[in-house]
Amino acid sequence: MKISIIGTGYVGLVSGVGFAKHGHEVICVDIDEDIVDSINNAIPPIYEEGLEELLEKVVDSGKLSATTDLQGAVEKTDITFICVGTPSREDGSIDTSAIESATEDVSEAIDEKNDYHIVVVKSTVTPGTTDGLIKSILESSGKKVGEDFGLGMNPEFLREGVALDDFLDPDRIVIGGWDEKSRETIKRVYESFDAPKLVTDIRTAEMIKYTSNALLATKISFANEMSRICEEVGIDVYDVMDGVGLDHRIKRDFLNAGPGFGGSCFPKDVKAIKNLAKKNDIKAELLEAVLFINSQQPIHTVEILEKKLGDLKGKNVTVLGLTFKGGTDDIRETRALPIVESLLEKGAKVTGYDPKGMDNFSEVIPSINYADSIEEALKDAEACIIQNDWDDFSKLEGKDFEVMKNKVVLDGRRVLDEEKLDKEIKYLSIGKGGLD
Ligand code: UGA
């Protein structure tokens with residue numbers, strides 16, 4: 001099929017490249033000319049494992065191209081996926097300005113078109129947005145959904161860092177459609193994908209996305225609450241979760257305690273669904289607790305260190321891992337931010353290191369030291385906190401910490417193999433006894 005994709009962030013570009021791999025003809029649209037040029041030159045404007053190689057293939061084979069001409073792209077294709085960002089507003093609700101503006105342009109283009117066209121929202125939007133706001137913008141040109149054009153909602157479940165794998169080999173594909181024709185058309189796009197397909201109405205599709213993310217975030221905060229109890233009674237929460245996770249109804253995934261969840265999705269989506277509840281006079285107490293626990297974990301992380309080192313004033317503390325997780329340069333809602341802020345407040349001298357996130361992090365906090373390597377970051381440190389789960393950190397062994405002045409290592413993400421650490425290293429970890 002001929003597909004246009006509006007927005008070339010990690011959802012739009014990964015989806016475009018993935019659809020092209022499945023044989024569709026894809027036109028990616030972005031307002032930024034540099035991004036468009038970069039895609040046409042097969043250089044991905046974002047970092048995602050495997051994206052560069054696949055982008056090169058699909059650009060070379062002519063299956064994917066990029067343009068700033070939205071109307072032309074809609075005109076030349078059968079289906080348009082809207083993949084623009086929906087960031088948080090102050091009150092937690094989603095900012096729909098980008099999706100509104102993209103939809104206005106799509107609406108004008110559809111108005112000019114004689115053939116059937118279908119618009120599918122892939123951006124994460126709260127239930128009622130697609131068949132409310134988006135539909136009304138699309139119909140402002142005079143054409144009617146269900147009669148003149150189709151409408152759908154097809155949420156993404158892509159994890160940053162492994163987004164391409166998640167796209168090409170998904171657990172499920174959720175297809176929400178206004179009418180039978182819309183649903184059948186979206187199903188055709190995914191015909192060659194080997195995954196369970198769930199066909200729903202539009203609002204259900206929107207809600208599945210939020211409920212999935214809210215439940216995953218809940219699992220993490222639950223693990224963190226259990227970890228606080230385990231720490232006090234001298235039990236390792238990771239061992240506990242290994243036992244709990246063997247129950248097929250629960251599963252072990254997303255039960256890793258640590259400094260909490262970050263990223264562009266979990267915090268934003270939990271806030272948005274909490275806000276939707278509030279608008280409907282429902283107090284989402286569980287979700288409030290999920291966010292509260294998450295806000296406490298970075299503070300708790302620094303407190304663990306403080307308990308071991310005493311006053312942090314003037315102490316050299318290294319934070320390994322500045323992005324919200326390994327495998328990405330994304331620092332949105334990274335737990336490194338509250339950790340570093342708390343360390344600075346307590347007067348520590350902070351050095352940061354991350355394989356890919358230092359440029360982004362230094363734009364937000366320019367005032368700490370940045371090291372060019374793990375070794376440089378650890379040199380003369382009096383303590384180090386491992387904040388994310390880059391592979392480079394999990395490979396560290398006892399000898400790598402020899403350059404430290406005082407070998408206190410707080411493994412926030414349980415990435416180190418304790419057996420490979422020397423006895424003189426004081427190994428601390430969230431959710432494990434022996435912190436006093
Ligand atoms: C998340 C979801 O996993 C995707 O399914 C979803 O499509 C995406 O949001 C989205 O809505 O677009 P992502 O934000 O890329 O993906 O990252 P995750 O791998 O889910 O991790 C999120 C945060 O949770 C990270 O900070 C990670 O360190 C933390 N985490 C994860 C824990 O603290 N404990 C765990 O057990 C697992």
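What's counted below: heavy atoms across the whole structure, side chains too, no hydrogens, waters or symmetry copies. Note that the coordinates shown come from a computational prediction; the quantities given were computed from them, not determined experimentally. Read the numbers this way: they start at 1 and go in the same order the structure lists the ligands and their atoms.
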Using side-chain heavy atoms (C-beta onward) and a distance below 4.5 Å, is N406 in contact with L309? yes
Looking only at the aromatic ring of each residue, does the gap between the centers of Y10 and F167 stay below 6.0 angstrom? no
Is there a donor in the side chain of R172 and an acceptor in the side chain of S212, or the other way round, less than 3.5 Å apart? yes
Within the 6.0 Å centroid threshold, strictly below: F261 and F254: no
I'd like to know whether the aromatic ring centres of Y353 and F361 sit less than 6.0 Å apart in this structure. no
Does the side chain of R332 come within less than 4.5 Å of K268's, by heavy atoms? no
Output for ligand 1, non-hydrogen cut-off under 4.0 Å, lists Y10, E156, F157, L158, R159, E160, K209, N213, I220, F254, L255, N256, G260, F261, G262, C265, F266, D269, F324, K325, R413
